[in-house]
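What follows is a set of notes on a single structure, which appears directly below.
These values consider heavy atoms only, across backbone and side chains, with no hydrogens, waters or symmetry-generated copies.
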Amino acid sequence: MRTTLLLLLSVLTLTIQGKETVVKSPDGQLAVTVNDEMGQVSYSVTYQGKTFLKPSALGLKTDIGDFTRGLTLKDVKQSKIDKSYQMLRTKASSAHYVAQQADFTYLNSQGLPITITFCVSNNDIAFRYSLQPKGESRLSTVIYNETTSFNFPEATTTFLTPQSLPMVGWQRTKPSYEEDYKADMPMTQRSAFGEGFTFPCLFKVPTGWVLVSETGVGSNYCGSHLSDYEASHGYTIAFPNIGEMNGLGSHWAGIPLPGSTPWRTITLGTTLKPIVETTIPYDVVEPLYEPTKDYQPGRYTWSWLLWGDESVNYDDQVKMIDLSAAMGYEYVLVDNWWDKQIGRDRIVELNRYANSKGVKLLLWYNSNGYANDAPQTPKHCMNTSLARNREMAWLQKLGIAGIKVDFLGSDKQENLKLYEDILADANRYGLQVVFHGCTIPRGWERMYPNYVASEACLASENVNFSEYHAKQEGFELTMHPFARNAVGSFDWGGIIMNRHISRDNKSRHRRYTTDIFEMASGIVLQTSVNCVAIYPNNLQDVPQFELDFLKQLPTTWDETRFIDGYPTKYAVLARRTGQDWYVAGLNGEQKIKTLQLSLPMFAGQTVKCYIDQPDKLGTTTPVVKTLKVGKNGIAKVTLQPLGGIILTR
């Protein structure tokens with residue numbers, strides 16, 4: 001990694017006029033204006049001269065002082081950030097971050113300093129607060145709340161999912177970031193439970209798009225979200241509900257002094273391109289430790305999704321191992337109850353069998369100590385340091401590749417510390433980690449090199465649980481590229497190839513998406529260890545060309561590009577691995593879409609096209625054919641209802 005910090009004095013990037021300071025992006029199109037009129041600090045944002053955020057509040061209330069009012073500007077220091085880094089497990093394998101940085105130091109009415117740091121790149125803003133010790137005795141502080149707000153122009157519409165009430169839902173496991181999105185709603189639409197909205201939050205302003213989130217949150221702070229909208233202020237940073245984790249742990253945040261809060265991030269543009277392609281969650285954080293091994297990306301099979309709890313037995317897991325071996329997949333995920341229904345001794349035997357087939361096991365764990373009532377085992381293996389070290393030493397001895405840890409339903413700082421402790425301990429034992437029933441990642445792929453992905457959405461299990469969500473799959477999977485997956489790796493949990501959501505592939509409700517939609521979802525949705533939810537019957541009832549594609553499905557990418565889309569309606573992305581480009585599209589609606597796609601990477605070339613072909617009966621058949629892309633890079637394609645497309649060389 002190359003990092004250069006150069007002091008600049010150029011008035012082109014920062015100008016001070018009285019109480020107003022303007023910080024501009026390197027290309028000059030994005031401008032952040034910071035104002036401290038009447039002792040209250042606010043910021044506003046314009047892009048290409050158009051308003052994206054109206055004046056929005058800044059400030060903290062802490063136990064050492066109030067930093068929300070009575071503030072006086074002491075000084076402004078500016079610098080340029082120019083750094084490059086490599087990272088193999090996100091939407092891009094390398095990033096070059098260039099930004100203008102401005103540090104605004106204010107004194108409150110007691111003479112105590114607070115520094116507000118803005119980093120402004122061409123389509124991204126990151127900002128945070130830093131505090132200093134109060135004398136020689138106060139070397140820590142509690143942050144009671146932030147006045148940080150996001151005040152959007154009138155006529156802005158929202159694409160948001162509500163924050164849950166605490167200790168509700170199945171076995172009191174919420175909040176787990178598993179609520180329905182509402183699309184194109186007015187800002188005045190109240191959240192479903194009165195708790196505001198979970199990050200990331202997507203807004204369509206009159207002149208473009210804005211994505212708001214946060215990054216750099218580990219044991220150092222609580223996870224935050226947005227409040228409900230207030231006409232005079234917009235949306236405000238909200239802390240966890242005090243009732244989370246059975247009421248244990250603080251719903252405030254505590255930091256040492258000197259110390260800083262995590263980064264609030266804003267990504268914006270006139271189109272969705274900057275939001276899909278942003279690397280800001282990783283640009284402003286650094287690795288917290290070195291990996292102890294070269295963690296391998298790959299694909300896994302998973303019996304539990306359609307076969308359920310009863311499939312977590314020795315014989316069914318052997319079938320899944322054989323299936324992974326036949327498909328050339330690296331992993332099998334053995335889900336809950338394995339310690340009871342298979343037993344630890346037979347897991348050793350099962351692991352030996354998997355290794356003989358060239359397959360590694362991933363094992364499921366309940367995070368629980370006291371946070372909720374989820375009964376699944378293994379329990380009490382991840383919630384304390386003693387238990388983790390004992391369990392992980394055993395996993396390392398077996399050569400288990402990784403763990404999936406479930407039911408972590410809280411954003412309190414104490415629970416964020418549990419995530420970090422699990423990851424740090426797992427790294428010592430050479431284990432990669434996936435989280436379910438959990439919060440979103442906040443820069444974690446870069447901070448924790450053995451972190452893989454999180455669920456943090458209404459994932460594939462809900463396609464199984466109810467026909468309603470089977471019908472909603474298109475809506476949901478065309479939402480996530482523009483919000484959830486834009487800020488972090490996403491374990492949706494299954495490219496589902498069964499036509500019916502059942503073991504016999506005949507009973508229960510059907511899958512409403514096409515085969516090509518499912519295959520394309522493996523490219524549109526990004527995670528470096530991806531679930532292909534196929535079953536032994538699929539080796540006979542799925543066309544061979546589909547199996548051949550799934551056998552070589554990539555899971556790591558060097559580059560990602562937004563091609564076209566609209567949240568909850570359709571999404572078309574291009575991803576590159578090495579020299580190979582894959583363009584994949586999903587139609588989230590029950591109507592045909594004809595699109596003109598700009599594909600410069602395929603200009604003038606004949607490409608392989610996986611697509612749904614309609615017939616006279618009103619159904620579709622998956623086919624693979626060729627498509628000639630124009631010399632101008634334009635390709636005209638038609639996506640069938642809840643269908644998909646894949647283009648590749």
Flag if over 12 foreign heavy atoms under 6.0 Å of NZ, Lys182: no
Minimum heavy-atom distance between Pro166 and Pro175, given as atom pair plus value: CA-CD, 4.1 Å
Electrostatic pair Asp283:Arg446 at N-O distance under 4.0 angstrom: no
Tyr43 and Phe118 aromatic ring geometry - parallel, tilted or perpendicular at 30°/60° bounds: tilted
Ring geometry between Tyr181 and His480 (parallel below 30°, tilted from 30 to 60°, perpendicular above 60°): perpendicular
Plane angle bin for Phe127 and Tyr129 - parallel if under 30°, tilted between 30 and 60°, otherwise perpendicular: perpendicular
Side chain Thr158, main chain Leu160, donor-acceptor under 3.5 Å: no
Mutual orientation of the aromatic rings belonging to Phe435 and Trp444 [parallel < 30°, tilted 30-60°, perpendicular > 60°]: perpendicular
Nearest atoms (heavy-atom pairs only) where Ile114 meets Leu60: CD1-CD1, 4.1 Å
Plane angle bin for Tyr365 and Trp338 - parallel if under 30°, tilted between 30 and 60°, otherwise perpendicular: perpendicular
Plane angle bin for Tyr235 and Phe203 - parallel if under 30°, tilted between 30 and 60°, otherwise perpendicular: tilted
Contacts of Lys417 that satisfy salt bridge (Lys or Arg N to Asp or Glu O under 4.0 Å) - sequence neighbours left out: Asp421
N-O pairing of Arg344 and Glu391 below 4.0 Å: yes
Polar contact flag, side-chain donor to acceptor under 3.5 angstrom, Thr555-Ser528: no
